[in-house]
Every structure is written in structure tokens, then in C-alpha cells.
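Every chain is numbered from 1, with letters handed out A, B, ... down the list of sequences.
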Amino acid sequence: MTPTRTFATAGRVLLQIRNDPRTIALLLVVPSLLIGLVAWIFDETNVFATIGPAILALFPFIVMFLVTSISTLRERRSGTLERLLSMPLGRGDFILGYALAFGLLAIVQTAIAVGFATWVCGLEIEESLWLLFAVAIADALLGTALGLLASAFARTEFQVVQFMPVLIFPQILLGGIFLPRDQLPEVLEVIGDWLPLSHAIDALNAVSTGAEAVSYIWLRILFIGCWIVGAVIVGSLTLRRRTP
Amino acid sequence: MVIDGLDLTVPKGAIVGLLGPSGSGKTTLMRAVVGVQIIAGGSLTVFGQTAGSASLRHRVGYMTQQASIYDDLSVRQNLRYFARIQGAPLADVDRVIERTDLTGQADRLARTLSGGQANRVSLAAAMLGSPELLVLDEPTVGLDPVLRADLWDIFRGLADDGTTLLVSSHVMDEATRCDRLLLMREGELIADTSPHALLETTGADTAEDAFLAIIESEESRPAHSRTHLLAGGSRQTRRGGRAERTRKSGAR
């Protein structure tokens, strides 16, 4: 693994996105539009103040999952991955390159979404914005890591999109957005407590309400970090130089 | 697919053609040489090292069957990225663009290129860093005769500069452009010869007829004596420079 090759890969991924203005527009504008829609739906209530932070956690996660799983699937299918692995590129360069590029993209995406949520929709953030970005980046990297993993088990674009309901929806359902986790049936509560998105939602709630200590938030980020490392390790095992 | 004791010693700067019908195992053999194929048993060495080992990745260039380049990058952006991965100087990008006659398309997105142009970008990427051995998997497939001739001119130019090329094709007529020929059928190497010897031994007029003649004589022979059928007429001596050597005792 070398920094030159990692940065070259990150630069190449960003360049691919830059050559595709429509994707940039969708990535950057859609989260704000949806946040605006949710705020509008709950205009007369205080629901938005409760679920707003959780929604901020969803975007980097879902979007990066989709973008990574589809782009790595494309690399596998187009032969570019095979070419790269016959060259002096480490598997770590490949994964870290993607993580860097999408992490950066997640920062920009979150900045716009948070700006819109706070200034236009009136969402209140008590803790520092830096903590919020730290959670959002961890979230985006989690999406990237799981997307990489999903792409290994899909042979077509149709299949990879179907992995979203499999890997993402249960985390949203059990994460405490619909019903606080302590009110779930016991088994589901335990499962929900171990899922990474639950911790991202908890962390963002804490950032917005300021009700918990900063260490509580970092502990949540650490938990997400463990999931990222695990998913990256399993994902990198699926990037084989030699294939049948 | 099983290839027993194939020992290829190829002089530097030679074009070795790997010919055979679709599905005969050409791609499998080439992927094994590059080191991206899972080999069920046996060993394969290139330049004296296990195929696919880290030090070989600088010395062997590989062009896959489909143009493996990024659709949403321009020709130059594609090549700059591959150059940085290969560790080649960026000046190399201009060299391979010129060499493959892509100067006019350098700033176009790869998805807007024609099939022949995309193929040449893929070839250019394999040429980055001037590897000693180029493994090209059906580089001329689906191209019109003019483009095919252009590509073969590029290959000959590379060989003249000292690059050794392993080129696969299922167009038998391309056999005559190679220095040495390996004919494959159903996962077996049925002949190891030169274009001249191929025509002479079989008495055929065209490479295509010669291939058919070999298959016919193959079918009347016992299975165990199959490989190296024509090897007698094809032994090549090392001509100047380092020779590339592959040894293969079994691949799936």
C-alpha cells in the first residue's frame, strides 16, 4: 500500500463524479429537498426537532452505500478491477481510495444538508458542528464499507440495488426513528442496540439536544468505527487478485 | 483445462500468437500468465518468478478482452490514473497516446469513443511503464480489417523495440503476423510452431486450413501424445537480450 496510489485512486473516483454533473446535483441537492419536505410535513408539530437529526444520519449512509456498491460492481464487471489488480495496486489502496473520496463527498453533502436544516428549517444543534460532521463522516464511511461488501455478493446492478432493503432498511426500522428502541420488543431492542446505524442516530440526537456528555458521542462513533473496520476487512477479502 | 509441461522460451521482441476457437482456453491461459487466474494445480513462472508475484506487476502489461477503462473519464484521465498506479512517469501518457494514434481523442470521454478507439486506450494503458511482456487478450476482436492491420502494425513496432508480446486471437489469418504460434483447442495446446512451419507441415494454403488439418490429425491420434505435435519444427533459439520464459505444468 502506498499513499501515491491511494490518493491517485481517490482522485480518480472524484474525477469520475466531477465528469458527471447530474450525479453531483443529485448528491448535493436531494438531501436538502427531503429534509425540507419532512420539516414541511411536520410544520405544526415538534416532530421535526426529534427526528431531524436522525434524518441527517440517514443520507450520508444510504447515499454512500448505493454509490459505493454500484461503482465497485462496475469495476468488477468492466474489467478495470482485474486490470488494477494485475498492476502494483494494493487492495488497501483501492478501498482506502474509495473511502477517502466518498468521505470527502459526505462532508460536502452533510455541510449542505446541515446548513439547510438549521438555517432554513430551523433545526437546533446544541453541540458543536464539528461533532456533527464527525458522526456524518463515520456514517458515510460505514455506508462505503457496507457497499463494498454488498458489491461482492451481487452479480448485476439489479441485485446490488436489492441489497439496500436487506442491509439498510432493517437498520432504519430498528434504529429508533419510528419507535424509540427501549419500547421495541426485547429481542428487537437487543438487535437494534448492536446495529451501527442505531448508534449514529443516538449520536446525532445527542449532538442536537446536547443532553449527553461529549464522551457519549465519541463512544458511539467508536462503535461505528468497529463496524467499519469489520466490514472493510470482510470486504477486502472479497477483492481477490486471483479469480476463477 | 490442463496444460502439461508447457515450457515457452521466447526471444525478447517476439510476437507469440495464441490461437484457437472461442472457448478453447486462451483467456484462461493468459490470465494465468498475468496471475489473476486461480490455478487448480501446478505452477507457472514468468521471468523465473511465480506468475502474478508483486515484482512481476511492473514487468507484465495486461490488456483484457473487453476494453477495461473508465467510461466516465477522458482518454488522458484514464491513462494518467493507470500511469500513477503503474508507477510510470506522467510523460509516458503522451508517449502511449501518440503510439496508439489517439492524439485527436485524448480529451474525449471514453464512453464517446468507438469500439476500436476504446480498444486502443486499453492497449495504451497496458503499454504504460514499458513492460517487458505484454499480454493482449483478443485485442483485435470485432474490429474491421483496416483497424486490425493498424493494431498489428503497432504490435510489430513494440516488438521491434524489444517488447515481447503474447497475443490471442480466434482469427486464424492473424497467425501469419506472429513469430511463433501456439494453437489451442478445448483447453489443450495442440501445436507449438511458427507460421512458416505450420503451413509447411500441413501443406495447407491458409492458416485456417492448417488449423483444421491439425485438428483432423489430432483426432486420429491417441490422446497422450497430443502436446508438442509440431514442436520439432519450431524450436527457437534465444536471440540477443533476455528471454521470457514461462513454464506451466497445470492450470484449470
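Between chain B and the options A/D93, A/T4, A/L15, the largest number of non-hydrogen pairs under 4.5 Å is found for A/L15. Comparing B/S122, B/A126, B/G129 by heavy-atom pairs within less than 4.5 Å of chain A, the highest count is held by B/S122. Here B/A125 is the residue among B/A125, B/A54, B/G61, B/G87 with the most heavy-atom pairs under 4.5 Å with chain A. Of the listed residues (B/V60, B/V34, B/L73), the one with the most heavy-atom contacts under 4.5 Å to chain A is B/L73.
A/M87 is not listed as a side-chain neighbour of B/R57, based on a closest heavy-atom distance of 4.5 Å or more. Using a 4.5 Å heavy-atom threshold, the side chains of A/R242 and B/R31 count as separate. Between A/L84 and B/F82 the shortest side-chain heavy-atom distance falls below 4.5 Å. By the 4.5 Å heavy-atom criterion applied to side chains, A/E82 and B/S68 are not counted as neighbours.
Under the 6.0 Å distance and 45° angle rule, A/R12 counts as a cation-pi partner of B/Y70.
Here the CD atom belonging to B/Q86 is positioned 8.0 Å from the OG atom belonging to A/S86, to the nearest 0.5 angstrom. Distance check, rounded to the nearest 0.5 Å: CG of B/D72 to CZ of A/R18 gives 12.5 Å. Rounded to the nearest 0.5 Å, atoms OG1 (A/T2) and CD1 (B/I85) are 7.0 Å apart.
For the residue pair A/N19 and B/S74, the shortest heavy atom distance occurs at ND2-N, 4.3 Å. Heavy-atom minimum distance, B/R84 versus A/R5: O-NE, 4.0 Å.
Within residues 64-80 of chain A, the residues having any heavy atom less than 4.5 Å from a heavy atom of chain B are, in residue-number order, A/R74, A/E75, A/R77, A/S78, A/G79, A/T80.
Enclosure of atom CZ in B/R156 by more than 12 non-hydrogen atoms of other residues, nucleotides or ligands within 6.0 angstrom is indicated. A/E157 CD: more than 12 foreign heavy atoms inside a 6.0 Å radius. A 6.0 Å sphere centred on CZ of A/F133 holds more than 12 heavy atoms belonging to other residues, nucleotides or ligands.
Heavy-atom distances place the backbone of A/L85, and not its side chain, under 4.5 Å from chain B. Contacts between A/T9 and chain B at a heavy-atom distance below 4.5 Å involve backbone atoms as well as side-chain atoms. For B/L56, no part lies under 4.5 angstrom from a heavy atom of chain A.
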